[in-house]
Amino acid sequence: MYSEKVMDHFSNPRNVGEIEDASGVGQVGNAKCGDIMKMYLNIEDNIVKEAKFKTFGCGAAIATSSMATELVVGKTVEEAIKITNKAVTEALDGLPPVKVHCSCLAEEALQAALWDYATKNGLEFEGLEEPKEDDHHHD
Amino acid sequence: MYSEKVMDHFSNPRNVGEIEDASGVGQVGNAKCGDIMKMYLNIEDNIVKEAKFKTFGCGAAIATSSMATELVVGKTVEEAIKITNKAVTEALDGLPPVKVHCSCLAEEALQAALWDYATKNGLEFEGLEEPKEDDHHHD
Amino acid sequence: MERIYFDHAATTPMKEEVLDAMMPYFTENYGNPSSVYNIAQVNRKAVDDSRASIAEILGARPNEIFFTSGGTEADNWAIRGIAARKGRKGNHIITTKVEHHAVLHTCEYLERHGYEVTYLDVDEYGLVTAEQVEAAIKDTTILISVMYANNEIGTIMPIKEIGEVAKKHDIPFHTDAVQAIGQERINVDELNVDLLSLSGHKINGPKGMGILYIRRGTRLCPLIHGGAQERGRRGGTENVPGIVGLAKALELTYADFDNKNRKIREMRDYLIDGILKEVPYARLNGHREKRLANNLNISFEFVEGESLLLLLDMEGIAASSGSACTSGSLDASHVMLAIGLPHEKAHGSIRITLGETNTMEEADKLLEKLPAIVQRMRDMSPLYEDFINNKK
Amino acid sequence: MERIYFDHAATTPMKEEVLDAMMPYFTENYGNPSSVYNIAQVNRKAVDDSRASIAEILGARPNEIFFTSGGTEADNWAIRGIAARKGRKGNHIITTKVEHHAVLHTCEYLERHGYEVTYLDVDEYGLVTAEQVEAAIKDTTILISVMYANNEIGTIMPIKEIGEVAKKHDIPFHTDAVQAIGQERINVDELNVDLLSLSGHKINGPKGMGILYIRRGTRLCPLIHGGAQERGRRGGTENVPGIVGLAKALELTYADFDNKNRKIREMRDYLIDGILKEVPYARLNGHREKRLANNLNISFEFVEGESLLLLLDMEGIAASSGSACTSGSLDASHVMLAIGLPHEKAHGSIRITLGETNTMEEADKLLEKLPAIVQRMRDMSPLYEDFINNKK
Ligand SMILES: Cc1ncc(COP(=O)(O)O)c(C=O)c1O
Ligand SMILES: Cc1ncc(COP(=O)(O)O)c(C=O)c1O
């Protein structure tokens with residue numbers, strides 16, 4: 001059902017963990033959908049230096065979290081904002097149709113962490129929006 | 001589907017044929033039901049001496065015709081009147097449920113031939129009734 | 001005794017290759033295709049591959065192929081699925097008088113539940129025309145269901161033309177192709193059909209397996225509700241070996257198709273000509289040309305079909321009179337009556353349906369035995385007696 | 001890698017003896033049981049004998065046993081067959097919130113078509129009571145359908161008591177015994193059921209085969225209309241190998257039943273005790289005693305079930321989270337929610353279902369691997385992080 005890439009990132013997830021005093025932290029999803037993602041970013045000089053995650057969720061949720069952290073490290077904040085669920089899914093060689101929504105969560109967690117960074121530092125970036133509480137409330 | 005007895009009477013039917021100037025002839029059934037039986041009886045001194053039949057019909061129809069002619073020979077008219085479809089069926093070791101109606105036809109053909117004999121000779125027998133035209137009209 | 005099987009329209013022997021294809025999925029690869037774990041993946045793949053292969057053969061997309069428990073379920077689903085649709089524009093269904101009972105009894109059931117059904121007459125060959133169909137269309141017509149080829153007399157309906165009429169009036173069109181699939185090449189787009197029923201056991205495949213082709217965009221309710229199988233449109237744990245076997249059987253049907261088809265057709269014509277020549281008072285039922293390659297159906301006057309079958313059976317020859325499915329019934333076949341045969345001739349017909357393993361020797365054996373058998377029954381028949389007496 | 005199969009509620013491997021029993025009916029004895037000729041007789045006899053054997057095991061009469069394409073069709077037929085009956089006294093159906101989707105989705109379909117359905121709540125163990133059923137009965141109630149045992153949490157319902165209530169009020173009573181049949185002895189008269197669904201592939205029998213038991217005198221419409229098969233109540237050419245295989249599987253199920261049942265029950269209890277001892281923040285779902293002999297279902301807080309399954313799968317252990325049939329869905333299992341689990345716990349449950357070939361070594365392997373797997377997922381879980389932080 002899952003591609004080899006997905007299984008690799010699921011069974012050996014990169015960047016699991018927390019970052020103390022992270023530049024930005026974002027949590028999205030809720031237990032009702034069965035997926036919760038928390039993303040930690042360290043950003044220095046507008047570059048993402050480090051990314052960590054914790055995820056409660058299915059194989060696809062964990063693999064996309066892992067892949068999203070890999071993709072974001074080394075990017076400028078502007079570049080990071082442009083990382084889409086599509087990019088994450090493609091980097092994983094695709095997901096089964098019923099699991100595609102999990103990749104949305106990875107994108108949203110990233111955006112939420114970047115938003116957190118931006119608000120804390122009083123910055124504004126084009127294309128970066130406040131995470132919607134309605135869809136995936138933090139608990 | 002059919003018992004061995006039925007198959008025996010079907011494949012080697014006894015008493016097939018016609019009797020010229022028979023004492024009684026009865027034909028019942030119609031093509032709509034798919035079964036027509038014609039029974040010829042020779043009766044002397046109130047005893048059935050000879051019986052012949054012709055039948056258009058399925059295996060069960062032919063076997064019951066054959067068995068009915070066997071059962072009737074040697075009987076008095078009074079005894080012959082009492083031959084039931086049940087007796088014919090039992091003598092054949094039974095019939096499949098959907099085929100039981102064929103044995104009714106044998107009883108009726110016998111009754112019709114006996115009725116013909118009775119009318120021709122101005123006789124009356126207890127229990128012998130005129131064949132119903134409605135159910136199985138002669139064609 | 002050497003046995004000759006001439007009843008391939010009733011059912012067919014499963015091919016060894018089909019069984020071989022199924023074998024790994026009985027005791028070894030038994031997982032539920034819906035499960036996430038590894039051992040179930042091979043089953044999921046087997047189901048996916050089978051669906052893709054079937055789709056390709058029919059000129060369809062894989063997600064238009066739905067597995068059912070047979071031709072009967074496929075027919076029921078197509079008709080009741082369309083009928084049950086909410087917001088439908090009406091309650092009128094058009095079909096024919098010669099459909100299989102899977103279609104007819106479903107339509108009769110719907111009639112008892114407030115639907116209106118038009119059963120089109122057929123001509124003496126068992127044919128309806130596209131014009132007849134078009135003339136029957138009302139504002140309230142929600143479905144046209146016309147069988148591809150008749151199971152008793154083998155007549156092939158003008159499906160393509162009826163499909164055009166259906167398309168023009170934007171009415172879903174279903175065809176029961178259960179008998180046709182082994183004898184005709186079928187492409188769902190060329191035929192303009194929206195729904196098409198198939199059955200495995202008529203093409204040397206597994207019993208209890210069928211297909212409903214559902215054209216993309218055709219909205220119909222499920223008949224069997226349940227789990228998420230078949231994309232939520234037909235519940236029930238997939239019969240993996242059955243699915244694999246059905247796909248294999250369909251592949252084998254179309255391997256060397258033209259060659260096999262020509263041979264069967266030749267044997268059919270040889271038998272028709274031979275029987276009509278050898279047996280007096282016999283007639284071919286159905287159409288001479290618009291006819292399944294493997295079907296001959298002949299009425300023998302003055303005799304009844306079942307007796308003929310039993311005597312043929314004693315010679316080791318298996319044939320059928322009318323539809324095998326209805327042998328429990330006492331009525332003459334509705335198809336025979338619909339083509340205008342009087343009852344006694346309707347009862348006196350036999351159907352021979354050939355398969356690719358039948359040989360010319362077997363055909364000759366039939367030609368050798370049949371005339372005497374018919375004569376034997378005629379000598380026993382009061383109808384024949386009357387006929388001869390009248391001639392004198 | 002040695003593979004351990006702990007998902008017998010999803011499906012089971014077919015036994016070699018079952019396959020052996022089926023083999024003669026694939027390529028050799030292929031006749032249509034409805035045909036008159038000789039070669040079909042062996043098939044008709046095989047169908048009759050199978051029906052008789054199944055009837056005897058269930059305490060039923062042979063003419064009360066109807067073959068279907070699986071448990072799902074049997075459930076659909078029972079419910080829609082009763083609902084469609086003409087002259088019915090009402091349109092109200094009583095069922096429970098924890099039924100299989102074959103029942104639930106059928107009921108929901110009927111709701112969309114003008115029927116009224118009461119879905120009874122269950123308690124924290126997944127139980128309904130006969131009193132609840134009785135309280136829900138109205139003048140218009142036409143059917144009560146309560147599953148014998150739940151497929152996810154294994155809870156066994158008080159069927160006998162519910163049957164008495166149904167009998168008292170003269171309402172037809174259906175039970176889905178698909179999961180129960182392999183684990184409980186079933187006698188239709190003792191249970192007071194009028195309709196009972198079974199499936200072949202859950203008891204080491206063929207996929208795509210099921211049974212609907214219909215008590216004599218219970219009037220219901222066919223779901224699948226067609227030929228005269230199954231005495232005119234279920235059309236479609238009989239799947240002879242499937243029928244023979246199903247009868248064989250049922251016979252084998254009840255051979256040495258008590259002994260096998262005791263062993264499985266012991267293994268289940270060993271696993272429940274072991275897991276709850278080794279893994280913190282875990283709870284057993286379902287009832288401790290009123291429970292299928294082969295089922296354990298455990299929620300692990302802070303983790304999600306599918307990930308656990310994948311990690312178990314990597315160790316060669318096949319298990320399930322909720323019903324395998326619904327793995328296509330993203331919602332938490334309706335059963336877990338019905339017993340009152342919050343969503344995150346509902347998502348974090350796994351189901352282990354044992355079969356008679358499972359060994360204590362396999363059970364020990366699970367006990368050895370599971371704690372680390374759960375811990376690994378917890379270490380990755382933001383919910384666990386919050387929990388630990390709150391504890392500090
Ligand atoms: C309780 C229950 N009912 C019905 C079914 C459906 O049975 P089948 O897969 O044979 O259609 C299942 C299994 O999937 C089940 O567990
Ligand atoms: C034309 C036609 N439709 C439908 C069916 C039913 O198919 P199945 O036996 O697979 O249910 C048959 C054969 O019995 C048939 O000949």
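Chain letters run A, B, ... following the sequence lines, proteins first, then strands; residues in each count from 1. As the structure is a computational prediction, the values presented were derived from the model and not from experiment.
Shown here is B/K120, whose NZ atom has more than 12 heavy atoms of other residues, nucleotides or ligands within 6.0 Å. By the neighbour-count criterion of 12 heavy atoms within 6.0 Å, atom CG of C/N389 is densely surrounded, having more than that number from other residues, nucleotides or ligands. Around atom NZ of B/K52, more than 12 heavy atoms belonging to other residues, nucleotides or ligands sit under 6.0 Å away. The number of heavy atoms from other shown groups lying within 6.0 Å of OH (C/Y125) does not exceed 12.
Taking 4.5 Å as the limit, some side-chain heavy atom of B/I62 sits within range of a side-chain heavy atom of C/M380. C/H347 places none of its side-chain heavy atoms less than 4.5 Å from the side chain of B/D35. At least one side-chain heavy atom of B/K38 sits less than 4.5 Å from a side-chain heavy atom of C/D386. Taking the side chain as every heavy atom from C-beta outward, C/D379 and B/V16 never approach each other to under 4.5 Å.
With rounding to the nearest 0.5 angstrom, the CZ atom of C/R378 is 12.5 Å from the NZ atom of B/K54. Rounded to the nearest 0.5 angstrom, C/M314 CE and B/F10 CZ are separated by 5.5 Å.
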_CA sep, side-chain torsions, deciding dist, call: B/M7, C/L310, side chain to side chain contact (heavy atoms under 4.5 Å, CB included)_ = CA-CA 9 Å; B/M7 286 311 288; C/L310 289 172; 4.3 Å; yes

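Checking side-chain atoms of C/S381 against main-chain N and O of B/T55 turns up no donor-acceptor pair under 3.5 Å.
For C/F302, the part sitting under 4.5 Å from any heavy atom of chain B is the backbone (N, CA, C, O) and nothing else. Neither the backbone nor the side chain of B/P96 comes within less than 4.5 Å of any heavy atom in chain C.
Of the listed residues B/A60, B/S11, B/P97, the one with more heavy-atom pairs under 4.5 angstrom with chain C than any other is B/S11. Contact tally against chain C (heavy-atom pairs below 4.5 Å) for B/G17, B/C58, B/P13: the top residue is B/C58.
Minimum interatomic distance between C/E306 and B/G59 (heavy atoms only, all atoms of both residues): OE1-N, 2.8 Å.
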